[in-house]
Amino acid sequence: MTNNKIEPFSLAAIVSPLLFWYDQYARILPWRQKPSPYQVWVSEIMLQQTRVEAVRPYFLRWMGELPTIASFARAPEDQILKLWEGLGYYNRVRNMQKAAQIVVERYDGDLPASYDELLDLPGIGPYTAGAIASIAFQLPVPCVDGNVLRVISRILEDRQCVDKESVKSWYRERLLDIMPKRRPGDFNQALMELGATVCLPKGAPLCDSCPVSSFCSSYAHQSIDEIPVKAEKKPRRKEELTIFLLFDHDRLAIRKREPEGLLASLWEFPHLPGKVTPLEAKAQLKNWGICAKGELKKLNEAKHIFTHVEWQMAGYSLTVDALSQNSHWTWATKTELVEKFAIPSAFSSFLNQALSLFP
Ligand code: SF4
């Protein structure tokens, strides 16, 4: 491969200073205190969704309700979706449950201590398999996520596009060459921790505090802002929606999304494509068989950004008199909205507005 200012064999020089730094500065996190393989698995998948601080309460709540793989395997889908509510990429948690069921059947409820067998489970890719194998089983397997790619590409001053699978594999091989036999899990976590807390993205790395700055070619050549090289992102498609908060006394209309596609099988508020006028809204309410008891009230607008699409949402609230007229809907109380139904964060602005509007 081209552009490496430090030969791959010398990358090994980062191992000791990195572990020394990790021993002093690693953040204390609930999934780092002698974690079980199951805890590593759940925390790593959650960490792929959001920031460490945001994962903490999700992880604790999850482990409180589903402390074992067996309990996860038999949990109702509504429960796991509720526990995942707000983390996004809900298919990941569904795949995790499929994997949990296989683990119960095939391995008596314990994750296998083998990288290849882990990789064979639904929803477990090279990164997650590497994390479980190294952190929980001390196997010398790398795990390469965005943080690791940023750190190593900067150290090597490597200008390959890190979004390519072939490049990720190339990095996995480089790291495999230098994995320490003793503490492979700590080494992987140290690299990720360095990326998350020191070698920060977007021109903000704290190189003066970096334990491996003396081995870093990008630091030496002041090319940090140019690395890592990433593929150009396609612009997101914009979609407009009009959301309806329809109240019948102390209940609000919600409905389940289709079983396939974006936010599959999660709960949502009735809505229409486009931003509709009050007149158009009233016509649609009639189509839905809804009898209005009051006037439409405009809600605050909101937007939500997914990977490929951005929702721009307007909304109306209305008191209705139609509790039994639309059989496709569920009428939820305030408590049920908070405790029972998984409503994705795309609708969180409207959920908050709904909670404040309940009588
Ligand atoms: Fe990242 Fe700076 Fe450390 Fe290089 S010296 S690895 S750019 S923080």
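Scope of the values below: all heavy atoms of this structure, side chains included, with no hydrogens, waters or symmetry mates. In this chain, residues are counted from 1 in sequence order.
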Exercise. Considering residues at least two apart in sequence or located in another chain, which fulfil the salt bridge (Lys or Arg N to Asp or Glu O under 4.0 Å) criterion with Lys256?
Worked result: Asp78
Seminar exercise, completed: salt bridge (Lys or Arg N to Asp or Glu O under 4.0 Å) filter on Glu295, not counting sequence neighbours, yields Lys282
For this session: Just jot down the side chain to side chain contact (heavy atoms under 4.5 Å, CB included) partners of Ala281, sequence neighbours excluded, or say none.
Result: Phe244, Val276, Leu296, Tyr316
For this session: Return the set of residues passing side chain to side chain contact (heavy atoms under 4.5 Å, CB included) with Ala26 (not counting sequence neighbours), or none when no residue passes.
Result: Tyr22, Arg32
Problem set entry | Electrostatic pair Arg183-Asp23, nearest N-O below 4.0 angstrom | yes
For this session: Scan residues 331-350 for pairs that pass salt bridge (charged side-chain N to carboxylate O under 4.0 Å, His left out), counting only residues two or more places apart or in two chains.
Result: none
Seminar exercise, completed: So the salt bridge (charged side-chain N to carboxylate O under 4.0 Å, His left out) pairs with at least one residue in residues 80-93 (sequence neighbours excluded) are Lys82-Glu85
Side-chain donor-acceptor contacts of residues 346-359 below 3.5 Å, not counting sequence neighbours, with atom names and distances?
unit_1: Ser348; atom_1: OG; unit_2: Ser345; atom_2: O; d: 2.9
unit_1: Ser349; atom_1: OG; unit_2: Gln353; atom_2: NE2; d: 3.2
unit_1: Asn352; atom_1: ND2; unit_2: Ser348; atom_2: O; d: 3.3
unit_1: Gln353; atom_1: OE1; unit_2: Asn300; atom_2: N; d: 2.9
unit_1: Gln353; atom_1: NE2; unit_2: Asn300; atom_2: O; d: 3.2
unit_1: Ser356; atom_1: OG; unit_2: Gln353; atom_2: O; d: 2.8

Exercise. Mind checking what makes side chain to side chain donor-acceptor pair (under 3.5 Å) contact with Ser16, not counting sequence neighbours?
Worked result: none
Anything under 3.5 Å between a donor and an acceptor, one on a side chain of residues 261-272, the other on a protein residue two or more places apart or in another chain? List them.
unit_1: Glu268; atom_1: OE1; unit_2: Arg257; atom_2: NH1; d: 2.5
unit_1: Glu268; atom_1: OE1; unit_2: His271; atom_2: NE2; d: 3.0
unit_1: Glu268; atom_1: OE2; unit_2: Arg255; atom_2: NE; d: 2.8
unit_1: Glu268; atom_1: OE2; unit_2: Arg255; atom_2: NH2; d: 3.3

Problem set entry | ring pair (Phe, Tyr, Trp, His ring centres under 6.0 Å) contacts in which one or both residues fall within residues 37-59, not counting sequence neighbours | Trp31-Phe59
Problem set entry | Qualifying ring pair (Phe, Tyr, Trp, His ring centres under 6.0 Å) pairs with a residue from residues 95-130, counting only residues at least two apart or across chains | none
Problem set entry | Ile28: hydrophobic cluster co-members (side-chain, 4.5 Å) | none
